[in-house]
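Just below is one structure, and these are the notes that go with it.
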Amino acid sequence: MSQTLSDETIALVKATVPALEAHGLDIVREMYGRMFENPAIRDLFNQSHHGDAGSQPRALTAAILAYASNIDNLGALAPAVERIAQKHVGLQILREHYPYVADALLGAIKAVLGDAATEEILAAWGEAYWFLANILIAREDRIYHDQQHATGGWNGWRDFRIEKVIPESSVITSFVLRPADGGPVMTHKPGQYLTFWIEIPGHPSIKRNYSISSASNGESYRISVKLEPHGLVSGWLHDNAKPGTILKVAAPAGEFFLDGAPDRPIVLLSGGVGLTPMVAMLEALVAGGSDVPVHYVHGTHDRSTHAMRDHVRALAAKTANVNVVDFHQTPIAGEIAGQDYDVAGIITDAWLVSNTPVADADYYICGPRPFLRHAVSALSLAGVPSSRIHYEFFGPADELLAA
């Protein structure tokens with residue numbers, strides 16, 4: 001394969017942007033329909049995110065359009081490429097899966113656009129697909145290699161046994177996992193996630209990502225799962241998973257993490273179950289003896305939904321440089337300000353800018369999309385550069401296999 005895209009290919013792909021804007025979603029749905037005719041490919045994806053109401057077809061449509069629009073400026077897509085590669089590794093997507101996607105994508109373009117999809121257009125998209133596919137394959141091969149050769153590392157699906165089930169709140173339960181083979185587990189970076197292959201009777205196999213909510217210890221992982229309304233996997237875990245239950249788990253992955261020893265203030269900002277990677281980061285900071293100022297800011301509905309509060313406060317008590325502020329949106333009867341929570345209401349933009357060190361802090365943010373959108377916007381408007389705003393959002397685990 002060529003190392004660069006030809007000028008002709010770049011021009012042809014950019015020329016398809018209007019057609020993608022008009023028909024991209026139809027192309028993606030046709031593409032998935034073709035891919036899912038092969039059970040081996042279908043099982044790589046989370047089926048609940050597909051179909052007419054699914055989130056993944058829309059996400060993939062936007063990603064393909066972004067690729068076409070930026071094909072002459074691929075540096076702008078570097079963060080997205082890393083995120084896709086990490087997701088692929090979690091889902092155990094391999095280089096041999098890519099040709100199936102290429103065939104489905106090109107076939108879908110032809111089927112939807114008809115005569116407008118000339119041989120030249122299809123050839124250009126084929127070249128563009130494999131250009132980006134090879135970038136992803138190379139990055140994914142490196143991640144798989146590093147996972148396999150790390151102490152306690154592995155490739156594929158490894159059996160883990162649930163050691164403990166810990167109710168954390170009315171809606172969140174933690175599960176401590178140890179390898180069924182009795183071996184060690186690889187070190188993860190605080191903020192990364194595990195991917196699970198879940199088999200529920202009467203349903204196709206399902207994959208889910210859950211953030212690791214503990215710092216590395218070489219022996220076990222902890223995940224903390226919110227019971228979602230009508231959530232198939234979260235409901236099954238809350239109702240059926242118990243000590244001794246075996247789960248299939250892929251090695252830690254993810255591009256959202258706290259890396260190394262920080263040299264400037266850290267703000268950990270979370271909403272709801274978004275606290276899970278933040279608790280892992282806080283544990284790591286305290287265990288590592290970091291002396292930078294750390295601000296842990298968390299928002300939830302009330303005392304009943306506030307998970308891991310005592311654990312966070314106990315961590316903060318071990319060092320003088322951690323400041324914890326909890327927001328309860330609607331405190332319930334009997335809650336005491338200063339004891340059960342610190343501030344009533346939501347985390348406002350004004351509070352965030354006024355009470356955290358926007359001049360020099362690194363911000364790590366996780367929570368529902370509206371929460372994250374407001375926080376990132378407020379910090380950006382306050383002058384915090386994008387390089388100091390790191391975030392993870394809740395969304396579909398599936399990503400496109402290329403581009």
Side-chain angles (χ1 to χ4, degrees), residues 46 49 82-91 143 147 158 160 162 164-169 171-178 185-198 206-217 220-228 231 233-234 237-238 241 247-259 266-287 296-300 305-309 311-312 315 363-369 371-372 375 390-399:
N46 178 359
H49 289 150
E82 178 63 17
R83 180 172 185 267
I84 291 168
Q86 294 287 341
K87 294 291 187 181
H88 283 183
V89 168
L91 293 166
I143 298 171
Q147 289 178 339
R158 185 179 181 185
F160 276 70
I162 295 177
K164 295 179 183 177
V165 177
I166 307 167
E168 304 284 9
S169 75
V171 292
I172 296 175
T173 296
S174 289
F175 302 88
V176 177
L177 313 170
R178 286 185 180 268
V185 299
M186 66 179 287
T187 297
H188 67 278
K189 296 176 181 178
Q192 290 189 307
Y193 55 79
L194 299 172
T195 303
F196 294 78
W197 178 305
I198 305 292
I206 306 169
K207 295 187 178 74
R208 286 289 190 275
N209 296 336
Y210 290 111
S211 296
I212 303 169
S213 62
S214 56
S216 290
N217 59 29
S220 65
Y221 300 118
R222 182 180 66 212
I223 61 170
S224 302
V225 180
K226 180 185 177 184
L227 177 61
E228 299 288 353
V233 174
S234 66
L237 286 170
H238 276 248
L247 300 174
K248 294 183 181 298
V249 185
E255 83 293 352
F256 173 72
F257 52 79
L258 180 67
D259 195 15
I266 296 292
V267 178
L268 306 176
L269 176 63
S270 58
V273 74
L275 62 83
T276 54
M278 303 305 160
V279 172
M281 293 180 189
L282 183 61
E283 285 188 4
L285 288 166
V286 172
Y296 179 99
V297 183
H298 178 63
T300 187
T305 62
H306 194 158
M308 309 179 91
R309 182 184 184 280
H311 178 58
V312 167
L315 288 170
Y363 288 79
Y364 293 83
I365 314 169
C366 187
R369 286 180 185 271
F371 172 87
L372 192 140
H390 318 274
Y391 55 89
E392 179 76 296
F393 59 84
F394 301 154
D398 302 336
E399 295 287 351

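Model, not experiment: these values are computed from the prediction. Only this structure's heavy atoms are used, side chains among them; waters, hydrogens and symmetry mates stay out.
- Side-chain contact annotation: Ser220 with Arg178, donor-acceptor N/O pair under 3.5 Å absent.
- A donor-acceptor contact closer than 3.5 angstrom is absent between the side chains of His306 and Ser169.
- Listed here is the closest heavy atom pair of Gln86 and Gly254: OE1-N, 2.8 Å.
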Could you please spell out the steps behind the side-chain contact (heavy atoms from CB on, under 4.5 Å) verdict for Phe196 and Ile223?
CA-CA 11 Å; Phe196 294 78; Ile223 61 170; 3.6 Å; yes
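- Looking only at side-chain heavy atoms (C-beta outward), Val312 and Met278 stay at 4.5 Å or farther from each other.
- If you check the side chains of Glu168 and Ser174, you find a donor sitting under 3.5 Å from an acceptor.
- Between atom OG of residue Ser216 and atom OH of residue Tyr221 there is a gap of 7.0 Å, rounded to the nearest 0.5 Å.
- Between atom SG of residue Cys366 and atom CG of residue Leu275 there is a gap of 8.5 Å, rounded to the nearest 0.5 Å.
- Looking at heavy atoms from C-beta onward, Phe257 lies out of side-chain contact with Pro277 at the 4.5 angstrom threshold.
- Between His390 and Tyr364, the ring-plane angle classifies as parallel under the 30° and 60° cut-offs.
- Separation of atoms CG (Asn217) and OG1 (Thr187) is listed at 9.0 Å; rounding is to 0.5 Å.
- Looking at His238, its side chain never comes within 3.5 Å of a backbone N or O of Glu228 through a donor-acceptor pair.
- Between Ile172 and Val225, every side-chain heavy-atom pair lies at or beyond the 4.5 Å cut-off.
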Could you walk me through whether Asn209 and Lys87 satisfy the side-chain contact (heavy atoms from CB on, under 4.5 Å) test, starting with their C-alpha distance in whole Å, then the side-chain angles of each, then the deciding distance to 0.1 Å, before giving a yes or no?
CA-CA 9 Å; Asn209 296 336; Lys87 294 291 187 181; 3.4 Å; yes
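- Taken to the nearest 0.5 Å, the CG atom of Leu372 stands 9.0 Å off from the CD atom of Glu392.
- Considering only heavy atoms from C-beta on, Arg208 stays 4.5 Å or farther from Tyr193 through its side chain.
- Nearest heavy atoms, Pro252 versus Gln147: O-NE2, 3.0 Å.
- Contact check for Leu194 versus Phe160: no side-chain heavy atoms found under the 4.5 Å cut-off.
- With rounding to the nearest 0.5 Å, the separation of CG in Asp259 from CD in Gln192 is 9.0 Å.
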I'd like to know whether Tyr296 forms a side-chain contact (heavy atoms from CB on, under 4.5 Å) with Val279, so could you lay out the CA-CA distance, the side-chain angles of the two residues, the decisive distance to 0.1 Å, and finally the verdict.
CA-CA 9 Å; Tyr296 179 99; Val279 172; 4.0 Å; yes
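- When all heavy atoms of Leu177 and Ile162 are compared, the closest pair comes out as CD2-CG1, 3.7 Å.
- Between Glu283 and His311, some side-chain heavy-atom pair lies under the 4.5 Å cut-off.
- With sequence neighbours left out, the side chain to side chain donor-acceptor pair (under 3.5 Å) criterion links Thr305 to Thr300.
- Under the side chain to side chain contact (heavy atoms under 4.5 Å, CB included) rule, Ile212 has a single partner from Arg222, His188, Lys189, which is His188.
- The two residues Lys226 and Ser234 have their closest heavy-atom pair at O-CB, 3.2 Å.
- Taking all atoms of both residues into account, the shortest heavy-atom contact from Ser214 to Ala280 is O-CB, 3.5 Å.
- In this structure, Thr276 and Tyr210 have side chains that are not in contact, with every pair of non-hydrogen atoms separated by 4.5 Å or more.
- In this structure, CD1 in Ile266 is found 11.0 Å from CG in Leu282, a value given to the nearest 0.5 Å.
- At a threshold of 4.5 Å between non-hydrogen side-chain atoms, the residues Leu237 and Thr173 do not count as touching.
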